[in-house]
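Every number for a ligand or one of its atoms is a count from 1 in the order of the listing.
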Amino acid sequence: MKGTPKRLHNSASVAPDKCVFCRIVRGELPAEKVYEDDRYIAFLDINPFSRGHTLVSPKAHGETIWDMDEHDIGELFMTASEVSKAVVEATGADGFRFVQNNGEAANQVVAHVHVHVIPIAMHEKGKVMDRLKLTPEQLAETAKKIRESLARN
Ligand code: 5GP
Ligand code: ZN
């Protein structure tokens, strides 16, 4: 289904040179990267809802899913699906959520397309999740486990 390209309001819109995720892609900002190929990147959320909360993004700047063609949307979610297996294995979670926010009204804070992969343990079932305060060392340890799981599979 192809429609006219549409824009969603987002006061967080920025040009790629100022975009936080583009800057991570370019290596200008640090991130706990767990996966990277020529078109996609996955790294830990700096302010996670659970241990292992990962963001999967196309490297090319686009604001919302509507800025991507159908093929690339498919690839993004296939990449997120592969990453989710490693995230779940590395964290010992029992399930995971994909969250993908588009536009300010949907709480999109970083205006560069991304899929959240949020692992969830059974004991967290049904609970409202709060952002965790994790140390850089804890993030690094989790990222290492996810990278190791991706390398094994
Ligand atoms: P959104 O609300 O746009 O779907 O989610 C953006 C996510 O990006 C948030 O969960 C936030 O914690 C995360 N985030 C924002 N800035 C940075 C950053 O500089 N590095 C990393 N790793 N994550 C970030
Ligand atoms: Zn960007």
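Residues Glu124 and Ser50 have side chains that never bring a donor and an acceptor to within less than 3.5 angstrom of each other.
Put simply, the side chain of Ser149 never gets that close to the backbone of Lys145: no donor and acceptor are under 3.5 Å apart. Side chain of Ser57 to main chain of Lys59: no donor-acceptor pair is present (N/O by atom type, distance under 3.5 Å, no hydrogens or angles).
For ligand 1, the atoms lying closer than 4.0 Å to a non-hydrogen atom of Asn101 are 1 (P), 2 (O), 4 (O). Listed by number with element, the atoms of ligand 1 under 4.0 Å from a non-hydrogen atom of His116 are 1 (P), 4 (O), 5 (O), 7 (C), 10 (O). Applying the 4.0 Å criterion to heavy atoms of Val110 picks out, from ligand 1, the atoms 3 (O), 6 (C), 8 (O), 15 (C).
Residue-level proximity to ligand 1 for Val20 is carried by the side chain, the only part with a heavy atom below 4.0 angstrom.
Rounded to 10°, the angle that SG of Cys22 and ND1 of His112 form at the Zn ion (ligand 2) is 110°. Remark: at the Zn ion (ligand 2), atom SG from Cys19 and atom ND1 from His61 enclose 110°, rounded to the nearest 10 degrees.
The residue among Leu44, Asp45, Asn47 with a heavy atom at the shortest distance from atom 22 (N) of ligand 1 is Leu44.
Electrostatic pairing of Arg147 and Glu36 does not count as a salt bridge here, judged by no charged N lying under 4.0 Å from a carboxylate O. Salt-bridge annotation for Lys85 and Glu89: absent, with no side-chain N of the basic residue lying under 4.0 Å from a carboxylate O of the acidic one.
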